[in-house]
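Below is one structure; the comments refer to it alone.
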Protein chains: 2
Amino acid sequence: MTETRVPIPTLERLAIYLRVLLDAHEAGIQTLSSQEVEQHSGINAAQFRKDLSYFGEFGKPGVGYSVAGLIQCIERILRLDAEQPILLVGAGNIGAALVGYPNFQAHRLRIAAVFDNNFVKIGRPFGDLVIEDIARIREINATIGARLGIIAVPASAAQEVADLLVEAGVTGILNFAPTILRVPPYVHVRNVSFLQELAVLSYQAVEESLCMNGQASRGGEDAV
Amino acid sequence: MTETRVPIPTLERLAIYLRVLLDAHEAGIQTLSSQEVEQHSGINAAQFRKDLSYFGEFGKPGVGYSVAGLIQCIERILRLDAEQPILLVGAGNIGAALVGYPNFQAHRLRIAAVFDNNFVKIGRPFGDLVIEDIARIREINATIGARLGIIAVPASAAQEVADLLVEAGVTGILNFAPTILRVPPYVHVRNVSFLQELAVLSYQAVEESLCMNGQASRGGEDAV
DNA sequence: ACGATTTTGTGAATGATTTCACAAGGTTCG
DNA sequence: CGAACCTTGTGAAATCATTCACAAAATCGT
Ligand SMILES: NC(=O)c1ccc[n+]([C@@H]2O[C@H](COP(=O)([O-])OP(=O)(O)OC[C@H]3O[C@@H](n4cnc5c(N)ncnc54)[C@H](O)[C@@H]3O)[C@@H](O)[C@H]2O)c1
Ligand SMILES: NC(=O)c1ccc[n+]([C@@H]2O[C@H](COP(=O)([O-])OP(=O)(O)OC[C@H]3O[C@@H](n4cnc5c(N)ncnc54)[C@H](O)[C@@H]3O)[C@@H](O)[C@H]2O)c1
């Protein structure tokens, strides 16, 4: 295991392995080989081994991986070994689904506070929490110390909220709004876009070419 | 433009370009260069041009791309030029957020029916729709003819629902449940996993190595 | 009409990720 | 103990994706 930067696809798969391992643990399985992980995850066994090799050596030749041991190691890698508080901004539809989602807990992710700017909503209960005024986000996170934030506000407010999150000390943002956020280089953003996913599926589900070749730039209006 | 299979990253970016173009159209802009698209999307101008080159030639040298024209072309490519009906299974939290989401319409994606297996929910209104019995999905889709489906049920029911969707004629599935679905090779699946996204951010937001090297497979239990 | 300027479309070069393939380590059992 | 058998960890090869760089096409000003 040499000193390289970890590829993002590797990080994404780590979370998948963790789920497979937790399922196996639940089922009382104590050991898994990379081959068996492939069966359950659909991810190539060599890929699994190489992914882990970025972080160390976790298996025993001839045996495989200790399920409990590897769970702990991946949790440590992903910083899910201690509770990870999260700031949620936007107490709307998406926000409601998130605060009520029990699986976060299993990964030690906890929505620690919810913010909105709608005076009708501020102060109301929301899941186990009470909706806070977005204006107090910095002050409140001084206590919580969250490094992760979720943006679940309309696109028009997303950049403004991102700025506030960064100011409050957040360095990782999960963004549900359909916008490109501008953030300092040390802040990481991941976008969730159902529309994008559906658009890709829409193409794949038909898989046939129509808009091929030809006339270009004609389409109701003209360039120039 | 030679006859190659289109890379999935290209399809994903197509949806991003479409959003940028729709915003520009809204703002009354008639023409955009690849350079300007880069500004608005964060995606390299050459990448944009190459992505389009998989489907044909859409720009004019020295000018750029007709916003309206390119919108139409990308919509055709993604099969968003005619209304695309979608079957939603699971009238829970996620389902509720989805049926109430107005942006689908702008992309001609329409949730055409909602299904659940909970007798208390079946028959109730849900957004503009009425919740249908999952048992009737095949029958109902014989009328609708949807090729896209969304799975928003608990993980334990996801595979069963996927089988029903495929049987009903769906060939593209957006899966919110944290499970690997087994489907026939002609069916495409895209998984949405907030937990996975947050896990990646959790790592990136700290970016420091702890679980390095060493002892492997020790962790509360032993392999073997 | 034409040279200066802009911008496309695309091979070729670079870079990143995945897969292969195998030596080395560990286990099982006669 | 040792031979047969697994399974890991990892360089090297193959595949896939991005970026460069430039000829060709379109426009504009004079
Ligand atoms: N609902 C969906 O299915 C869905 C799907 C894809 C993407 N999205 C995106 O997710 C985001 C949230 O969607 P939603 O359906 O939950 O929206 P919503 O309208 O239900 O909720 C948005 C919330 O954000 C709050 N808000 C607005 N401006 C704010 C600000 N400056 N500071 C703090 N709070 C503010 C509003 O008061 C509201 O409570 C949107 O950007 C939407 O485009 C939603
Ligand atoms: N809520 C979140 O924030 C969130 C986040 C990430 C992932 N998810 C995943 O999305 C999925 C849905 O989450 P949710 O919060 O909406 O759950 P939910 O419990 O609110 O809703 C699930 C719905 O599915 C229905 N259902 C169960 N079995 C069914 C079957 N066999 N056929 C048809 N309907 C059936 C239930 O009656 C219920 O109405 C789950 O797999 C969950 O793990 C949710």
Side-chain angles (χ1 to χ4, degrees), chain A residues 1-14 16-17 29-67 69-70 73 200 211-218 222-224, chain B residues 1-14 16-17 29-67 69-70 73 200 211-218 222-224:
Chain A
M1 168 250 173
T2 49
E3 198 47 60
T4 329
R5 186 118 255 87
V6 181
I8 289 175
T10 291
L11 295 173
E12 294 175 345
R13 285 188 296 265
L14 243 33
I16 296 175
Y17 304 143
I29 296 165
Q30 309 222 325
T31 293
L32 283 179
S33 68
S34 58
Q35 198 54 241
E36 290 169 309
V37 171
E38 171 167 347
Q39 238 112 66
H40 291 33
S41 69
I43 295 164
N44 181 289
Q47 182 78 80
F48 171 75
R49 297 200 300 273
K50 181 156 291 250
D51 283 341
L52 291 180
S53 78
Y54 286 105
F55 304 99
E57 308 196 352
F58 305 101
K60 288 193 203 171
V63 181
Y65 300 81
S66 152
V67 171
L70 193 50
C73 287
V200 173
C211 191
M212 295 257 108
N213 285 345
Q215 268 332 64
S217 53
R218 297 279 165 281
D222 236 22
V224 173
Chain B
M1 167 249 174
T2 50
E3 198 47 63
T4 329
R5 185 119 254 85
V6 181
I8 288 175
T10 290
L11 295 173
E12 293 175 346
R13 284 188 296 265
L14 243 34
I16 296 175
Y17 304 144
I29 296 165
Q30 308 221 325
T31 294
L32 282 179
S33 67
S34 58
Q35 199 52 242
E36 291 169 310
V37 171
E38 171 168 346
Q39 239 111 66
H40 291 29
S41 68
I43 295 163
N44 181 288
Q47 182 79 78
F48 171 75
R49 298 199 301 274
K50 181 157 290 251
D51 283 341
L52 290 180
S53 79
Y54 287 104
F55 304 98
E57 309 196 351
F58 305 101
K60 288 193 202 169
V63 181
Y65 301 82
S66 151
V67 171
L70 192 50
C73 287
V200 172
C211 192
M212 297 254 107
N213 285 344
Q215 266 335 64
S217 54
R218 298 279 165 281
D222 237 23
V224 171

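Every chain is numbered from 1 and lettered A, B, ... according to where its sequence line falls, protein lines coming before strand lines. We use all heavy atoms of the structure for the numbers below, so side chains are in, but hydrogens, waters and symmetry mates are not. Computed from a predicted structure; not experimentally measured.
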side-chain contact (heavy atoms from CB on, under 4.5 Å) evaluation trace for A:T10 with A:F55: CA-CA 11 Å; A:T10 291; A:F55 304 99; 4.2 Å; yes
[X] and [Y]: which non-hydrogen atoms are nearest, and at how many Å?
X: A:S66; Y: A:G69; answer: OG-N, 2.9 Å
X: B:T31; Y: B:V63; answer: CG2-O, 3.6 Å
X: A:S41; Y: A:I16; answer: CB-CG2, 4.2 Å

So, applying side-chain contact (heavy atoms from CB on, under 4.5 Å) with B:V37, which one of B:L70, B:L52, B:I43, B:L32 is it? B:L32
Could you give the [atom1]-to-[atom2] distance, from [X] to [N], as a whole number of Å?
X: A:Q47; N: C:dA21; atom1: CD; atom2: P; result: 16 Å
X: B:Y17; N: C:dT8; atom1: OH; atom2: P; result: 12 Å
X: B:F55; N: C:dT8; atom1: CZ; atom2: P; result: 18 Å
X: B:D51; N: C:dT10; atom1: CG; atom2: C1'; result: 13 Å
X: B:K50; N: C:dT14; atom1: NZ; atom2: C1'; result: 13 Å
X: A:L52; N: D:dG9; atom1: CG; atom2: C1'; result: 10 Å
X: A:R13; N: C:dA16; atom1: CZ; atom2: P; result: 16 Å
X: B:E12; N: D:dC16; atom1: CD; atom2: C1'; result: 14 Å

Partners of A:S34 by side-chain hydrogen bond (donor to acceptor under 3.5 Å, both in side chains), sequence neighbours excluded? A:R49
Quick one: list whatever passes side-chain hydrogen bond (donor to acceptor under 3.5 Å, both in side chains) with A:Q39, sequence neighbours left out. none
Near-ring test A:F48/A:Y65, centroid separation under 6.0 angstrom: yes
Tabulated below should be each protein N or O lying under 3.5 Å from an N or O of nucleotides 2-5 of chain C; please produce it.
none

Show each protein N/O and nucleotides 4-8 of chain D N/O combination with a separation under 3.5 Å, one pair to a line.
from  : atom 1 : to    : atom 2 : distance (Å)
D:dT7 : O4'    : A:G62 : N      : 2.8
D:dT7 : O2     : A:G62 : N      : 3.4
D:dT8 : OP1    : A:S34 : N      : 2.8
D:dT8 : OP2    : A:S34 : OG     : 2.6

B:R13: partners by salt bridge (Lys or Arg N to Asp or Glu O under 4.0 Å), with sequence neighbours left out: B:D51
Residues two or more places apart in sequence or in another chain: which of them pass side chain to side chain contact (heavy atoms under 4.5 Å, CB included) with A:P61? none
Taking only residues two or more places apart in sequence, or in another chain, which ones meet B:S33 in a side chain to side chain contact (heavy atoms under 4.5 Å, CB included)? B:Q35, B:E36
Residue-level proximity of residues 39-46 of chain B to DNA chain D when a heavy atom falls under 4.0 Å: B:N44, B:A46
